[in-house]
Amino acid sequence: MTGRAEVAPSRREELAARRAQMKGRARRRRRRLLAAAVAVLVLAASVVGGGYLLYREFDGPPDYTGDGGATVVVQVEQGATGAQIGSALQRADVVKSVEAFTAAAADQPRVRSVQPGYYLMRRQMSGEAAATRLTAPDSRVGQLEIRGGIQLDDTSNPDGSVVPGVLSLISQATCADLDGQRRCVSTDELRKAMSTADLADLGVPTWAREDVAKAEPRRRLEGLLVPGRYDVEPGTPALDVLRGLLTTSVTRLESDGLLSGARAIGYAPYKVLIVSSLVEKEGITPDMPKVARVLYNRLGAGQRLQLDSTVNYPLDLQALRTNAGDRTKPGPYNSYAVAGLPPTPIAAAGKDAIEAALAPADGPWQYFVRCRTDGSSCFAETLEQHNANVAEAVKNGAF
């Protein structure tokens with residue numbers, strides 16, 4: 001008879017115990033392997049995360065934190081790129097690196113529209129804070145605008161209101177809040193620098209120095225600062241402010257053809273500026289070429305110019321007319337009493353007035369008067385015609 005051998009009960013129990021023991025060991029081995037794998041993953045994650053932080057700390061763009069401390073003025077040059085602006089900020093210790101600024105600026109499109117000029121910033125700002133501050137409405141400082149017809153000194157209107165002069169406008173442009181204090185270059189400081197500085201140090205061009213040297217010190221720069229927009233660096237001494245403005249103004253004058261134009265008509269450039277200032281004060285833009293012609297005709301004939309604007313100039317008055325008493329006062333600016341041009345310009349002459357002085361209209365006129373309420377003038381060849389124009393002006397209420 002064949003069949004499977006029977007195993008004794010004790011032997012079966014022993015084999016079952018061994019199998020259970022082996023299964024337990026296998027489970028424990030699997031748990032240890034799983035724990036080791038988890039530990040490896042955690043370590044790898046720590047290494048990667050730490051490496052990223054190390055990259056940000058040591059390989060990313062160096063950057064300050066916060067809104068910065070002490071105030072500083074930084075210039076944005078004409079045509080400057082974002083990187084060039086960042087370089088200027090880094091040199092002034094506003095940002096820690098160019099990259100910190102450009103990275104922040106990339107998220108602020110308004111940085112691309114920042115205009116050239118001076119900006120009030122703070123030292124050691126984060127790139128983001130610097131980009132935000134640069135585009136803030138109150139960050140730009142040192143803006144100056146000179147308008148045609150403005151004199152160096154403040155002037156008074158007939159109603160008593162005051163028109164700030166060029167020196168007052170410059171003084172206002174130098175003002176800025178630096179570290180909690182309002183700082184400005186005063187008009188007295190500007191006037192002292194203008195009156196006492198060497199003309200070359202002041203920036204007066206060679207073609208004007210001989211005439212400027214003869215001028216009354218307080219009127220030395222009259223007419224040399226032409227109308228337009230300028231940038232003034234706050235915190236700069238008075239002499240440096242004036243020299244910078246004159247450099248810009250003279251460059252504009254020369255690039256607009258003052259020197260070549262003056263040669264073409266046989267006049268010295270400074271004399272052209274004097275004529276231009278008279279044209280600026282006496283006529284509205286459409287009439288300027290004809291006003292210039294009257295001035296040249298009278299000068300050529302040896303006649304006195306008889307302009308109220310020159311009489312009012314040393315009186316610091318903005319008025320169309322003069323009184324008989326003022327017209328009899330002696331002085332180099334009284335064109336009723338003195339023949340020829342006044343010794344200096346009497347105001348800032350704009351581009352239209354200078355062009356009129358360089359290219360006057362053709363005509364025989366010897367007189368003009370503002371005869372209409374829109375400011376336009378009537379021109380005459382004879383005194384009889386002029387008197388008729390004056391009567392018309394009175395009738396029209398033009399003055």
Side-chain angles (χ1 to χ4, degrees), residues 147-151 205 207-208 211 222-228 249-250 252-313 320 332-333 335-336 338-372 374-390 392-393 398:
R147 291 177 287 108
I150 299 297
Q151 298 176 198
W207 48 263
D211 290 297
E222 192 72 83
L224 286 174
L225 294 170
V226 296
S249 179
V250 170
R252 291 174 180 175
L253 282 169
E254 294 178 353
S255 63
D256 285 342
L258 173 64
L259 302 189
S260 59
R263 284 194 299 269
I265 64 172
Y267 258 65
Y270 190 75
K271 302 298 185 188
V272 171
L273 282 185
I274 296 176
V275 174
S276 301
S277 72
L278 304 179
V279 171
E280 180 73 48
K281 296 292 285 186
E282 290 286 343
I284 62 174
T285 301
D287 288 341
M288 285 181 176
K290 294 175 74 173
V291 171
R293 173 50 61 196
V294 171
L295 299 181
Y296 286 128
N297 286 347
R298 293 182 72 86
L299 289 169
Q303 293 178 304
R304 295 172 185 174
L305 295 179
Q306 297 182 323
L307 301 174
D308 292 334
S309 58
T310 65
V311 175
N312 285 329
Y313 170 69
L320 291 177
Y333 292 93
S335 60
Y336 282 88
V338 179
L341 292 171
T344 69
I346 64 169
K351 192 172 183 179
D352 290 330
I354 295 174
E355 289 178 351
L358 291 173
D362 292 328
W365 313 289
Q366 295 286 333
Y367 305 90
F368 69 92
V369 63
R370 292 192 182 187
C371 59
R372 301 181 183 89
D374 64 359
S376 59
S377 297
C378 293
F379 295 83
E381 183 177 353
T382 67
L383 181 58
E384 182 180 3
Q385 293 170 346
H386 176 64
N387 288 336
N389 289 338
V390 171
E392 181 182 349

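In what follows, every heavy atom counts, from backbone to side chain, and hydrogens, waters and symmetry copies are set aside.
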>> Checking Ile346 against Asn312 for the side chain to side chain contact (heavy atoms under 4.5 Å, CB included) test, could you report, in this order, the C-alpha distance in whole Å, the side-chain angles of both residues, the deciding distance, and whether it holds?
In response: CA-CA 10 Å; Ile346 64 169; Asn312 285 329; over 6 Å; no

How would you list, by chain and number, every residue that makes a side chain to side chain contact (heavy atoms under 4.5 Å, CB included) with [X], sequence neighbours excluded?
| X | answer |
| --- | --- |
| Gln303 | Arg298, Ala301, Gln366, Tyr367 |
| Ala348 | Ile146, Pro227 |
| Ala361 | Pro289, Lys290, Trp365 |

Minimum heavy-atom separation for [X] and [Y], please, with both atom names.
| X | Y | answer |
| --- | --- | --- |
| Pro364 | Asn297 | C-ND2, 3.7 Å |
| Val369 | His386 | CB-CE1, 3.9 Å |
| Ile265 | Ala357 | CD1-O, 3.6 Å |
| Leu225 | Ser249 | CA-OG, 3.5 Å |
| Cys371 | Asn389 | CB-O, 4.2 Å |

>> Tell me every residue that passes ring-ring contact (aromatic ring centres under 6.0 Å, His included) with Tyr336, counting only those two or more places apart in sequence or in another chain.
In response: none

> Pairs in or reaching into residues 348-359: which pass side-chain hydrogen bond (donor to acceptor under 3.5 Å, both in side chains), with residues at least two apart or in two chains?
Replying inline: none

Kindly list each side-chain donor-acceptor pair under 3.5 angstrom involving residues 374-383, sequence neighbours excluded, with atom names and distances?
| residue | atom | partner | partner atom | Å |
| --- | --- | --- | --- | --- |
| Asp374 | OD1 | Ser376 | N | 2.9 |
| Asp374 | OD1 | Ser376 | OG | 2.7 |
| Thr382 | OG1 | Gln385 | N | 3.2 |

To the nearest 0.5 Å, tell me how far [X] [atom1] sits from [Y] [atom2].
| X | Y | atom1 | atom2 | answer |
| --- | --- | --- | --- | --- |
| Ile354 | Ser277 | CD1 | OG | 9.5 Å |
| Leu273 | Leu258 | CG | CG | 5.0 Å |
| Leu295 | Leu307 | CG | CG | 6.0 Å |
| Asp308 | Lys281 | CG | NZ | 11.5 Å |
| Arg293 | Asp287 | CZ | CG | 15.0 Å |
| Ser260 | Leu358 | OG | CG | 8.0 Å |

> Does the pair Leu341 and Leu305 meet the rule for a side chain to side chain contact (heavy atoms under 4.5 Å, CB included), with working shown?
Replying inline: CA-CA 8 Å; Leu341 292 171; Leu305 295 179; 4.1 Å; yes

>> Are there over 12 heavy-atom neighbours, none belonging to Arg147, within less than 6.0 Å of that residue's CZ?
In response: no

> Among all residues two or more places apart in sequence or in another chain, which pass the side chain to side chain donor-acceptor pair (under 3.5 Å) test with Glu282?
Replying inline: Ser309

>> Holding to side chain to side chain donor-acceptor pair (under 3.5 Å), I want the full list of residues that pass it with Glu222, two or more places apart in sequence or in another chain.
In response: Tyr313

> Could you walk me through whether Leu224 and Val250 pass the side chain to side chain contact (heavy atoms under 4.5 Å, CB included) check?
Replying inline: CA-CA 7 Å; Leu224 286 174; Val250 170; 5.6 Å; no

> What residue pairs, at least two apart or across chains, pass salt bridge (charged side-chain N to carboxylate O under 4.0 Å, His left out) with a residue in residues 262-272?
Replying inline: Asp211-Lys271

> Does any pair with a residue in residues 256-277 pass ring pair (Phe, Tyr, Trp, His ring centres under 6.0 Å), and if so which ones, sequence neighbours excluded?
Replying inline: Tyr267-Tyr296

